[in-house]
Q: 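I have a structure here, written as structure tokens, and I will follow up with some questions on it.
Everything numeric in this text was worked out from a predicted model, so none of it was measured.
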Amino acid sequence: MALVVVVVLIVSSTVLSKDVEDMEDVVDSLPPFIGEQKNAKTECQYDISRWDVNSIVKSYTSTLRELRTINQPLPQHQKLTIMIPTIPSHTDDFRIQITNHYSKCSNINKILWLWDSSKPISSFLSQTSSSSNNTNRINSTCIRTPAPHGDLTARFLLYPEVDSDIIMSLDDDLLVSCTALSAALTVIIRNPNQYVSFYPRLILCRNNRLQYSWNGAYTTGLYSFGITGAAITTRSVLERFWQKKEKYRELFDKVREKKNCEDILFAFIHWEMEKAPGVMMHWAGHSKTLNREGLSQRGNHGEGRDKCVRRFVKAFGFVPGLTKGMISLA
């Protein structure tokens, strides 16, 4: 298995200015930094150059040299538990494809389906939870999320059925290659305070207003954080995430009310805890979306995420630092 390692670096204002000199299409969209518009009255002016990732950069580099070890069987506690929220309006066709796909990957502990509804659990999930009816080589179980349903942060709960230390949060319409999962597992095992995401996102500044960009990371080569529609982390990271709930209860409540931005909230809390970005895996050739009609396709979804970014920046007092580089699997 060939691997191209792209070293992850925090971008200072000086380096950023040089890197984007020839990016005419994005220069005006990037947030200002310390030393620029120091006295400007703009919501974009926050200190984002204070984060230090030098220690984890070295760890990533040494970790990924050992990538070939990931095909070996791991101890039970290091195997991956995949948690997948799902709702009645999504079809069993997707769930069958997902179960069949991940049953072919090594070092998967189980799939834990999170049924986010009071309605009866789907036929396939009812059957797959029974070992006598499960024809796949993977342990698959379905449980209900706590009432009231619709709280998107329920995907981060540590349910009693989670019996391993490494956990993947996954949307119910995404397939990530077994190769990419193995690489992500290697990174997390060696860096248990991090998370690995397959979908980088960028916070931009346009007209002195912060905005959420889903494609800016791909056009600029920079990212602010990764979303948790496909992300791997550890039990300890999730435990510390929930320890922040009381401090940021208003933000948790707003996420539940709007049914949006749980992934951005997770990213901000992780930045606050670790003072470092998550690790990004380049998705090209290693992920597939089965459904094009999810929550993100709703007309006001993007506007709602812009509002979330502004609300979170105000509450936390920082913008997640811009970071260069993603791990690419050749």
Q: In terms of side-chain heavy atoms, does T99 have a donor or acceptor partner in S140 at a distance below 3.5 Å?
A: no

Q: Which heavy-atom pair separates S164 from K79 by the least distance, and what is that distance?
A: OG-O, 3.0 Å

Q: Exactly one of L170, V176, L174 should register a side-chain contact (heavy atoms from CB on, under 4.5 Å) with F198. Which one does?
A: V176

Q: Compare every heavy atom of I166 with every heavy atom of Q78, then report the nearest pair and how far apart it is.
A: O-CD1, 3.4 Å

Q: Assess, by modelled atom type and distance only, whether the side chains of N109 and Q76 contain a donor and an acceptor separated by less than 3.5 Å.
A: yes

Q: Establish, from distance only, whether the side-chain atoms of T234 and S236 form a donor-acceptor pair under 3.5 Å.
A: yes

Q: Give the C-alpha distance, both sets of side-chain angles, the deciding distance and a yes or no for side chain to side chain contact (heavy atoms under 4.5 Å, CB included) between N260 and V255.
A: CA-CA 6 Å; N260 199 349; V255 165; over 6 Å; no

Q: Any idea how F266 and H270 line up, ring-wise: parallel (<30°), tilted (30 to 60°), or perpendicular (>60°)?
A: parallel

Q: For G304 versus C261, what's the shortest heavy-atom pair and its separation?
A: O-SG, 4.0 Å

Q: Report yes if the side chains of S122 and R95 come closer than 4.5 Å at any heavy-atom pair, otherwise no.
A: yes

Q: Got T233 and L238 here, is their nearest side-chain heavy-atom distance under 4.5 Å?
A: yes

Q: I'd like to check L125 versus W115 (side-chain heavy atoms, cut-off strictly below 4.5 Å). Are they in contact?
A: yes

Q: Might you point out which heavy atoms bring S103 and I138 nearest each other, and give the distance in Å?
A: CB-CG2, 3.8 Å

Q: So, do V162 and L112 sit near enough that their side-chain heavy atoms are less than 4.5 Å apart?
A: yes

Q: Do R305 and Y212 meet the cation-pi criteria used here (NZ or CZ under 6.0 Å from the six-membered ring centre, within 45° of the axis)?
A: yes

Q: Taking atom types as modelled, is there a side-chain donor on Y248 or E272 under 3.5 Å from an acceptor on the other?
A: yes

Q: Given the rule in the side chain to side chain contact (heavy atoms under 4.5 Å, CB included) test, do Y199 and S287 qualify, once you have shown the distances and angles that lead to the verdict?
A: CA-CA 10 Å; Y199 293 96; S287 69; 3.0 Å; yes

Q: Report the relative orientation of the aromatic rings in F268 and F225; use parallel for angles under 30°, tilted for 30 to 60°, perpendicular for over 60°.
A: tilted

Q: Is it the case that atom NZ in K307 sees more than 12 heavy atoms from other parts of the structure closer than 6.0 Å?
A: no

Q: Step through the shown structure and confirm whether more than 12 heavy atoms of other residues, nucleotides or ligands are within 6.0 Å of CD on E250.
A: no

Q: More than 12 non-hydrogen atoms from neighbouring residues, nucleotides or ligands closer than 6.0 Å to NZ on K258, yes or no?
A: no

Q: Side chain to side chain contact (heavy atoms under 4.5 Å, CB included) between K245 and T153: does it pass, once the steps are laid out?
A: CA-CA 11 Å; K245 183 175 182 178; T153 61; 5.9 Å; no

Q: With clusters defined by side-chain heavy atoms of hydrophobic residues (ILVMFWY) lying less than 4.5 Å apart, directly or transitively, does W113 cluster with I87?
A: no

Q: Determine, stepwise, if the pair K254 / E262 fulfils salt bridge (Lys or Arg N to Asp or Glu O under 4.0 Å).
A: CA-CA 10 Å; K254 187 63 70 173; E262 81 289 353; over 6 Å; no

Q: Check whether the side chains of D263 and T228 place a donor and an acceptor atom closer than 3.5 Å, and report yes or no.
A: no

Q: Is a donor from one side chain sitting under 3.5 angstrom from an acceptor on the other, for D116 and T145?
A: yes

Q: Ignoring hydrogens and geometry beyond distance, is a side-chain donor-acceptor pair present between R201 and S224 at under 3.5 Å?
A: no

Q: Of all heavy-atom pairs between Y223 and P200, which one has the smallest distance, and what is that distance?
A: CB-CB, 3.8 Å

Q: Could you walk me through whether L181 and M168 satisfy the side chain to side chain contact (heavy atoms under 4.5 Å, CB included) test, starting with their C-alpha distance in whole Å, then the side-chain angles of each, then the deciding distance to 0.1 Å, before giving a yes or no?
A: CA-CA 9 Å; L181 284 185; M168 182 176 194; 3.6 Å; yes

Q: Among side-chain atoms of D165 and H77, is any donor-acceptor pair under 3.5 angstrom?
A: no

Q: Measuring only between side-chain heavy atoms, which start at C-beta, is V237 closer than 4.5 Å to E274?
A: no

Q: Given side chains that start at C-beta, do those of I108 and I82 come closer than 4.5 Å, heavy atoms only?
A: yes

Q: With rounding to the nearest 0.5 angstrom, report the CZ to CG distance, F156 to L265.
A: 8.0 Å

